[in-house]
Participant: 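Could you have a look at this structure, given as structure tokens, before my questions?
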Amino acid sequence: MTALYKASPQEELWNNFRNGSRDAFAMIYQEHVDDLYHYGVHFCGDGEQVRDCLQELFHDLWQTREHLADQLQNIRYYLLSSLRRRLLRALEKDRRHRAQTAEIPFDFELIPSREHFIIQDEKLQEQQQQLYTALAALPRRQREAIYLRFFHELSYQEVADLMSMKVDSVYNIISKAIGVLKKMLPATILLLLFSPGK
Amino acid sequence: MPQYHIYTARDFALDEDFQRWVLKPDVKNNYQWETWLREHPEKQKAVEDAIILVKSIKFRDYQLSGEQKDQLWDTIWDDIATDELPVQTMPQKSRLHKLFSWKYAAAVLLAVLLGTLWITHENKQFQALTLSTSAAPGETKRLLLPDSSEVILNAGSRLLYAQKDALLREVWLDGEAWFHVHHTKENTKFIVHTYDRLSVEVLGTQFNVSNFGNKIAVTLQQGSVKLHITEQQDQHETQLYLQPGEMLRYNKQDGEYTKSRTDVTKIVAWTHGQLMMDEYTVADAIQFMQQVFDKQVSVKDTKMLRYRVSGSMPIVYNADTMLIQFEKAFGVHFYKH
């Protein structure tokens, strides 16, 4: 079951953009701005800060387009990592101004999926609460890795590169989270929730 | 190939291909996994569990509103336009500004401050401003309007800009122009008049207006625009909205109009110096020569007008060169008189 990939239209879009096409630039913006914003707000919890960084990111992207790599595997990855750097820089600066050593407020709060709310059974509700607590107890960095894999669908390798860690560590983090989920979800719910075709 | 037949639910939930199937099912991975499952029915339970596991990972949603998204885009584009457009700013005596940019910046800041004070304190004591410019046949012009809106004016077109009060920006267009209107904090309206019964009203967006001869065409690239069309007989006014990718064609003679979807990239190709030809006829080429270079081309054999080609070519702002390009494209020869 090897996954085959088509030659992506992403590359064409990227090259048009590098050659100065405003339409390609607008398409890149439209395609990615929502996801980037989602990541940014999870990352620092400050929508305004995120918008500032995004403004700077896209501005710089256009101005430096000719110097950007011509072979780009994944635009999304490139933009996410660029935003991450900028947010870190902005937060760092911010912290220096405030002269506090407050931890950077990563969010990446996992929420139980919507289907779980259907469950009325008290015992199951209690278990659901436990699940929620267990996930919330994971360190933020781990939640970020899970988030990048499951929300943005970056590969394990990309998550590792973006967060400067080893692939093995990413795998272990996600394995741990799945383990927590597995323990908390009773077999009955699993059967209840399964819907074929999706 | 991984040894899926010995995988547990947890193993599946950790597998990248499996995750991709659950998160982004498509024809191919659906086929692959369903086929595999038919061959390994004993794994049904483990797979079902794994699906739930992957699906139970959710994150809180944060979204930009449509307006925030447009505004952010405007700001980005604005920054870029400011960087890129010392080409020609509308008040024509701005040559030295580059040399004394700090001075310029300070002056602008002061002017803005004074302007703001003026508007807030004196209310309505707004200094009216009128500017006009035109692009001669055979050239296009990039302009930065005083409100930071960007305009590319096509060959043989005229534009008049007027700001009579603080809450209204107006331009009159004869010919063709592409607009990227700057969205102001005060939500100042920007209206494009066409010297006819149709006008275009926007807040901040990108669109193209072509106003040649008896035809007006408004094409929306991004954001939204509102069109005002006054009926010929009475004072009744029709209001229409365009979605990105839509075009409105208006006929000045009979006031008829139609709305359709169009390929915006083709419509605005001229702003990047490209002519996109889709079933392009000799008649279209003749019209092009007239519009852009003010050159008359005539044919004796009217059958020739219907020769057609598809493709694209660069627009060269030289009538003779352009004519040669057309000759090559259509395989015909034009004689000069």
Participant: Any chance you could measure Y156(A), atom OH, to L14(B), atom CG, to the nearest 0.5 Å?
Facilitator: 4.5 Å

Participant: Looking at A26(A), S21(A), G40(A), which has the largest count of heavy-atom pairs under 4.5 Å with chain B?
Facilitator: A26(A)

Participant: Taking only residues two or more places apart in sequence, or in another chain, which ones meet K176(A) in a salt bridge (charged side-chain N to carboxylate O under 4.0 Å, His left out)?
Facilitator: none

Participant: Is the number of heavy atoms from other residues, nucleotides or ligands within 6.0 Å of CD (E67(B)) greater than 12?
Facilitator: no

Participant: So R22(A) and H180(B), do their side chains get closer than 4.5 Å, heavy atoms only?
Facilitator: no

Participant: Going by distance alone, is a donor N or O of one side chain under 3.5 Å from an acceptor N or O of the other, for Q221(B) and D23(A)?
Facilitator: yes

Participant: What distance do H59(A) atom NE2 and D78(B) atom CG have between them, rounded to the nearest 0.5 Å?
Facilitator: 10.0 Å

Participant: Could you state the interatomic distance from CG (L54(A)) to CD1 (I76(B)), rounded to the nearest 0.5 Å?
Facilitator: 7.0 Å

Participant: Does anything in residues 52-64 of chain A pair up under salt bridge (charged side-chain N to carboxylate O under 4.0 Å, His left out), and if so which pairs, sequence neighbours excluded?
Facilitator: E56(A)-R86(A), D60(A)-R86(A)

Participant: Has R10(B) got a side-chain atom pairing as donor or acceptor with S175(A)'s backbone, closer than 3.5 angstrom?
Facilitator: yes

Participant: Heavy-atom cut-off 4.5 Å, strictly under: side chain, backbone, both or neither for V268(B) against chain A?
Facilitator: side chain

Participant: Side chains of Y171(A) and E16(B): do they bring a donor and an acceptor to under 3.5 Å?
Facilitator: no

Participant: Do the charged groups of E31(A) and K69(B) touch, with an N to O distance under 4.0 Å?
Facilitator: no

Participant: Decide yes or no on side chain to side chain contact (heavy atoms under 4.5 Å, CB included) for W77(B) and W62(A), but give the supporting numbers first.
Facilitator: CA-CA 9 Å; W77(B) 203 239; W62(A) 177 260; 4.0 Å; yes

Participant: Less than 4.5 Å apart, side chain to side chain, heavy atoms only: is that true for Y29(A) and L72(B)?
Facilitator: yes

Participant: Could you walk me through whether F25(A) and I80(B) pass the side chain to side chain contact (heavy atoms under 4.5 Å, CB included) check?
Facilitator: CA-CA 12 Å; F25(A) 184 50; I80(B) 292 171; 3.8 Å; yes

Participant: Is any side-chain heavy atom of Q55(A) less than 4.5 Å from a side-chain heavy atom of W73(B)?
Facilitator: no

Participant: Assess whether a salt bridge exists between K24(B) and E153(A), defined as any Lys/Arg side-chain N lying under 4.0 Å from an Asp/Glu carboxylate O.
Facilitator: yes

Participant: Does M165(A) have more than 12 heavy atoms from other residues, nucleotides or ligands lying within 6.0 Å of its CE?
Facilitator: yes

Participant: Testing the 3.5 Å rule here: is there a donor-acceptor pair between the side chains of Q63(B) and D34(A)?
Facilitator: no

Participant: Heavy-atom distance under 4.5 Å between the side chains of Q63(A) and D79(B), does that happen here?
Facilitator: no

Participant: Take atom CD in E48(A); do more than 12 heavy atoms of anything else shown fall under 6.0 Å from it?
Facilitator: no

Participant: If you round to the nearest 0.5 Å, how far is CZ of F58(A) from OG1 of T75(B)?
Facilitator: 12.5 Å

